[in-house]
Chemist: 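Below is one structure. I have some questions about it.
Sequence lines set the chain letters: A, B, ... in the order given, protein chains first and strands last, and positions in each chain run from 1. Side chains included, hydrogens not; waters and symmetry mates left out as well; all remaining heavy atoms used.
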Amino acid sequence: MSSGITRPRVRFAPSPTGFLHVGGARTALFNWLYARKYDGDFLLRIEDTDRVRSTDESTRAIFEGLEWLGLKWDEQVVYQGSNLERHRADAQRLIANGSAYRDFTPQAEIERLRNDAESRGLTFRFDRRLADLTPQQEAEKLARGEPFAIRFKVPDGVTEWLDLVHERIAFPNKDIEDFVVLRSDATPVYNMAVVSDDIDMGITLVMRGDDHISNTPKQILLYRALGARLPQFAHVPMILGDDGKKLSKRHGATAVGDYQYKGLLPDAMLNFLALLGWSTGDDTEVMTLAQLVEKFDVEGLQKKAAVFDTKKLEWMNGQHLAMISLDALEPFMTPAFMKAGYATADELHARKDWYYGLLELLRVRARTTDDIVALAAHYFRDSVEYDLDAVGKQWRDVAATAAVLTATRDRLAIVAAWEPQVMEDALRKLAEELGISGGKIFQPLRVALTGLTVSPGIFDVLLYLGRERSLRRIDAAVAYLGQDSPA
RNA sequence: GGCGGUAUCGUCUAGGGGACUAGGACACAGCCCUCUCAAGGCUGGAACACGGGUUCGAAUCCCGUUACCGCUACCA
């Protein structure tokens with residue numbers, strides 16, 4: 001580093017044992033924001049050392065989730081499992097420099113002692129003396145090939161650090177037992193693997209969930225024993241469900257993929273997640289990714305766990321839906337319309353002005369892209385389904401409604417131009433002639449055109465439906481009323 | 001149990017000794033706009049966990065209590 005200033009390096013290190021959880025996504029986001037803000041590197045490490053629980057499918061889900069969110073990682077993905085040899089070598093170094101020792105105590109024996117202590121209401125802590133052997137004894141066991149675990153020799157004193165979100169945190173070492181770093185089957189334990197990898201990857205800031213706070217003193221001890229420079233630590237709060245418990249499947253959608261398929265915009269998700277445990281310090285809430293990067297700062301990180309509020313997420317999505325450019329929105333909408341069977345991509349692109357105009361009309365009334373698809377149904381389908389409540393409310397007087405609709409139809413048929421203002425002038429004039437309010441025409445007309453009592457402005461509906469289809473729908477409504485009437 | 005962490009409206013938060021009759025946002029209610037629905041605007045109800053200190057003065061600092069969360073494995 002010629003400048004002498006270390007380029008920040010952060011990482012996101014999930015275990016591939018499920019989908020990408022929203023909590024994980026937020027941890028990834030904070031790390032990513034930090035890297036982008038301070039011109040550093042954001043690395044991804046898959047912690048797949050738990051062979052039974054780790055799956056390739058889960059690894060793929062993590063990639064997909066991060067890609068959907070747009071959190072691109074720098075450099076190659078690191079798979080913890082492929083660093084096994086280094087983990088072992090580091091554990092051996094600890095023995096060599098006297099900061100760890102071999103423990104030949106059978107696992108079953110330790111379990112027995114632990115259960116014993118716990119049944120008497122005592123706290124079991126591994127006693128170093130249990131592993132105490134004379135050099136000859138140790139040499140003999142070693143020669144015989146007896147299995148042993150490697151335990152870290154926790155020194156006296158206090159282990160403390162200046163956490164970027166919690167300030168000073170201290171643990172008396174007497175409360176930390178001599179933990180295993182390498183199992184008797186020669187596989188590393190979590191803390192060993194993490195520290196070995198973080199050192200190797202040159203991580204300068206470890207930002208992770210605060211459920212790792214109690215791992216931190218052990219890891220700091222390992223850094224020191226390995227003679228490595230200590231990174232900074234920042235422990236961010238957990239995300240809770242609406243019952244205040246740690247967010248889990250019971251709370252509904254907890255995978256970022258769930259939100260992807262619910263019609264959420266990645267930038268809205270990111271914006272919402274960022275505000276869970278972080279704030280700008282002022283009142284800014286709705287932000288683009290670029291603004292998030294600009295505003296991000298560990299100063300704004302919160303200590304308190306945050307409850308995941310789906311309502312606010314939806315509101316946030318509505319805000320982003322309204323501010324995103326149509327060109328940026330289109331890639332989300334076209335596949336959705338195709339999936340709904342409304343149109344092909346070619347058909348949509350062939351009448352781009354109409355398509356974009358429709359999106360503009362609907363997005364302000366929607367909170368998700370799924371909402372837009374639902375709202376768009378009338379403009380793609382040929383038939384209208386009349387909502388019974390709408391019919392009952394707006395077509396109450398059958399004969400009068402049929403008459404008004406017929407008059408409306410005739411007026412629209414001869415309108416000079418199929419433009420909102422022209423149509424509005426014509427229909428308001430008609431209302432005046434009939435001695436009724438505009439609403440008395442617009443509301444029944446809305447039901448005729450959409451089958452519903454709610455829609456965008458009626459003249460926009462007419463415009464986007466087109467002249468031919470609009471007139472056909474009014475005819476159909478009149479026919480429906482005629483057939484329906486008691487006669 | 002031990003250790004650690006946290007504590008402002010229902011929820012997300014601003015606040016880092018006087019600017020606080022505690023601000024904003026979501027949600028909720030009402031009003032305005034209006035062809036309906038949204039969006040938008042305005043208004044309203046709604047919080048400093050409790051108890052002690054320190055101080056002329058505490059939401060802000062200290063201690064304790066309580067509650068909640070996490071860890072407590074040869075899981076990650």
Chemist: Sequence neighbours excluded, which residues qualify as salt bridge (Lys or Arg N to Asp or Glu O under 4.0 Å) partners of A/Arg93?
Modeler: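 For A/Arg93 the salt bridge (Lys or Arg N to Asp or Glu O under 4.0 Å) partners, ignoring immediate neighbours, are A/Asp90.
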Chemist: What side chain to side chain donor-acceptor pair (under 3.5 Å) pairs are there with at least one residue in residues 116-127 of chain A, not counting sequence neighbours?
Modeler: A/Asp127-A/Arg129
Chemist: For RNA chain B, which residues of residues 439-459 of chain A approach it to below 4.0 angstrom with any heavy atom?
Modeler: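 Nucleic-acid contacts, sorted: A/Phe442, A/Gln443, A/Arg446, A/Thr453, A/Val454, A/Ser455, A/Pro456, A/Gly457, A/Ile458, A/Phe459.
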Chemist: Partner lookup for B/A47, please. Criteria are Watson-Crick or G-U wobble with both distances under 3.5 angstrom; report none if nothing qualifies.
Modeler: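 Paired with B/A47, as far as the under-3.5 Å criterion goes, is no nucleotide at all.
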Chemist: Please tabulate the protein-to-nucleotide N/O contacts below 3.5 Å involving nucleotides 4-9 of chain B, giving atom names and distances.
Modeler:
residue : atom : partner  : partner atom : Å
B/G5    : O3'  : A/His166 : ND1          : 3.0
B/U6    : OP1  : A/His166 : ND1          : 3.0
B/U8    : OP2  : A/Lys304 : NZ           : 2.9

Chemist: Strictly by side chain to side chain donor-acceptor pair (under 3.5 Å), give each pair with a member in residues 313-322 of chain A just once, sequence neighbours left out.
Modeler: A/Asn271-A/His320
Chemist: Please tabulate, one pair per line, all N/O donor-acceptor pairs under 3.5 Å involving side-chain atoms of residues 294-309 of chain A, not counting sequence neighbours.
Modeler:
residue  : atom : partner  : partner atom : Å
A/Lys295 : NZ   : A/Asp282 : OD2          : 3.1
A/Asp297 : OD1  : A/Glu299 : N            : 3.0
A/Asp309 : OD1  : A/Lys311 : N            : 3.1

Chemist: Would you please name every residue forming a ring pair (Phe, Tyr, Trp, His ring centres under 6.0 Å) with A/Tyr101, sequence neighbours left out?
Modeler: none
Chemist: Scan nucleotides 25-29 of chain B against the protein and return all N/O pairs shorter than 3.5 Å with their distances rounded to 0.1 Å.
Modeler:
residue : atom : partner  : partner atom : Å
B/A25   : O4'  : A/Glu285 : OE1          : 3.0
B/A25   : O2'  : A/Glu285 : OE1          : 2.5
B/A25   : O2'  : A/Lys312 : NZ           : 3.3
B/A25   : N3   : A/Lys312 : NZ           : 3.2
B/C26   : OP1  : A/Trp315 : NE1          : 3.4
B/C26   : O2'  : A/Lys312 : N            : 3.4
B/A27   : OP1  : A/Arg367 : NH1          : 3.0
B/A27   : OP1  : A/Arg367 : NH2          : 3.1

Chemist: I'd like a table of donor-acceptor pairs (distance under 3.5 Å, sequence neighbours excluded) in which one partner is a side-chain atom from residues 53-63 of chain A, with atom names and distances.
Modeler:
residue : atom : partner : partner atom : Å
A/Arg53 : NE   : A/Asp50 : OD2          : 2.8
A/Arg53 : NH2  : A/Asp50 : OD2          : 3.3
A/Ser54 : OG   : A/Asp50 : O            : 2.8
A/Thr55 : OG1  : A/Ser58 : N            : 3.0
A/Ser58 : OG   : A/Pro16 : O            : 3.1
A/Ser58 : OG   : A/Thr17 : N            : 3.1
A/Ser58 : OG   : A/Gly18 : N            : 2.9
A/Ser58 : OG   : A/Gly18 : O            : 2.4
A/Thr59 : OG1  : A/Thr55 : O            : 3.2

Chemist: Going by purine N1 to pyrimidine N3 plus the second Watson-Crick contact, or the G-U wobble pair, all under 3.5 Å, which nucleotide sits opposite B/C26?
Modeler: B/G10
Chemist: Any pair with a residue in residues 163-175 of chain A that passes salt bridge (charged side-chain N to carboxylate O under 4.0 Å, His left out), sequence neighbours left out, goes on the list, sorted by first then second residue, please.
Modeler: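 Listed once each, the pairs are A/Glu160-A/Arg168.
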Chemist: Show which side-chain atoms of residues 147-154 of chain A pair as donor or acceptor with protein atoms under 3.5 Å away, not counting sequence neighbours.
Modeler:
residue  : atom : partner  : partner atom : Å
A/Arg151 : NE   : A/Asp103 : OD2          : 2.7
A/Arg151 : NH1  : A/Asp178 : O            : 2.7

Chemist: Would you mind listing every ring pair (Phe, Tyr, Trp, His ring centres under 6.0 Å) that reaches into residues 421-449 of chain A, with sequence neighbours excluded?
Modeler: A/Phe442-A/Phe459
